[in-house]
Amino acid sequence: MAGKNGDGFSEVAEEGPSGILNKMFPKMITQSAAKDWINRRRAQIRPWKNFVDQRRFSRPPNFGELCKRVTRNIEHFQSNYIFIFLGLILYCIITSPMLLIALAVFFGGCYIVYLRTLQSKMVLFGRELSTANQYGLAGAVSFPFFWLAGAGAAVFWVIGATLVVIGSHASFHAIEGDFEELQMEPV
């Protein structure tokens, strides 16, 4: 019942081949909720032509203007910034073969756990493992691969690159339109 009223965290798994991820990770956001979120983000993307228009870039005259630009641009270009972040993640994954291998090991382990839970319960040292324990074991097995691939460095690179790109754009891109609000006079 919770899945029908739009609850994104329902435990109801979709049936059919498209619902395999929901069956593997039942407590995560449903596939339909994720698609709805992505479609909303895509609908809210500002035109890329305006986003990269070089004529709109200028140095802010003072710190107050800088803060105002950052706040307004982050609100205005939020969807564009999200897709830049996702693009940097994709770039990082594609350019690191070891990270690709580590991700393949992790998702392969999760798929094996999914297939094993369909057949029978997994028993380790005479103790029956729950599905959550099995996924934890898959993560533990793939951890050395992530460590060797430098996944920690990749995460911090993506965060740093995102902050630099988005921060630079938000700081130097002039605010679109004239907004009416309280104006402060210099003292």
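We count residues from 1, following the sequence as given.
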Please tell me whether Phe57 and Val52 are part of a single hydrophobic cluster in this structure, the criterion being side-chain heavy atoms less than 4.5 Å apart. no
Looking only at heavy atoms, the pair that brings Asn73 and Tyr81 closest together is O-CE1, 3.5 Å
ILVMFWY cluster, Tyr91 and Phe146 together (side-chain gap under 4.5 Å): yes
Would Asn62 and Glu65 count as a side chain to side chain contact (heavy atoms under 4.5 Å, CB included) here? Give the steps. CA-CA 5 Å; Asn62 55 36; Glu65 179 67 21; 3.2 Å; yes
Which atom of Leu99 lies closest to which atom of Cys92, heavy atoms considered: CD2-O, 4.3 Å
Within a strict 4.5 Å, meaning less than it, do heavy atoms of the Phe83 and Arg42 side chains meet? yes
Would you check, one step at a time, whether the test side chain to side chain contact (heavy atoms under 4.5 Å, CB included) holds for Phe77 with Ile84? CA-CA 11 Å; Phe77 292 114; Ile84 286 175; over 6 Å; no
Exercise: identify the closest heavy-atom pair between Leu129 and Gln134: O-NE2, 3.1 Å
Quick check for you: to the nearest 0.5 Å, what is the distance between Ser171 atom OG and Ile166 atom CD1? 11.5 Å
In Å and rounded to the nearest 0.5 Å, what is the CG to SG distance from Leu115 to Cys110? 11.5 Å
Mind listing the closest non-hydrogen atom pair of Arg56 and Ile175 along with its distance? NH2-O, 3.0 Å
Can we call the ring centroids of Phe107 and Tyr114 under 6.0 Å apart? no
Ile93 and Leu100: CA distance, side-chain angles, deciding distance, side chain to side chain contact (heavy atoms under 4.5 Å, CB included) verdict: CA-CA 6 Å; Ile93 290 171; Leu100 281 170; 3.5 Å; yes
Work out which heavy atom in Val158 is nearest to a heavy atom in Thr162; give both atom names and the distance. O-OG1, 2.6 Å
Would a hydrophobic clustering, with Ile, Leu, Val, Met, Phe, Trp and Tyr connected at side-chain separations under 4.5 Å, put Val155 with Leu163? yes
If you count heavy atoms of other groups shown closer than 6.0 angstrom to CZ of Phe143, is the number above 12? no
Are Phe106 and Phe145 an aromatic pair, judged by ring center distance below 6.0 Å? no
Please answer whether the main-chain N or O of His76 pairs with a side-chain N or O of Arg46 as donor and acceptor at a distance below 3.5 Å. yes
Ignoring hydrogens and angles, tell me if any N or O in the side chain of Asn39 forms a donor-acceptor pair with the backbone of Lys35 under 3.5 Å. yes
Looking only at heavy atoms, what is the nearest atom pair of Ala149 and Ala102, with distance? CB-CB, 4.3 Å
Shared hydrophobic cluster for Ile159 and Leu90 (ILVMFWY, side-chain gaps under 4.5 Å): no
Same cluster or not: Phe172 versus Val164, using hydrophobic residues (I, L, V, M, F, W, Y) connected whenever any side-chain heavy atoms lie under 4.5 Å apart? no
Considering only heavy atoms from C-beta outward, does the side chain of Leu88 approach that of Trp157 to under 4.5 Å? yes
Under 3.5 Å, side chain of His173 to main-chain N/O of Arg69, donor-acceptor pair present? no
Is the shortest side-chain heavy-atom distance between Leu86 and Arg41 below 4.5 Å? no
Enter the distance from Leu66:CG to Arg59:CZ here, rounded to the nearest 0.5 Å. 10.0 Å
Please round to the nearest 0.5 Å and tell me the distance separating atom CH2 of Trp147 and atom CE of Met98. 11.0 Å
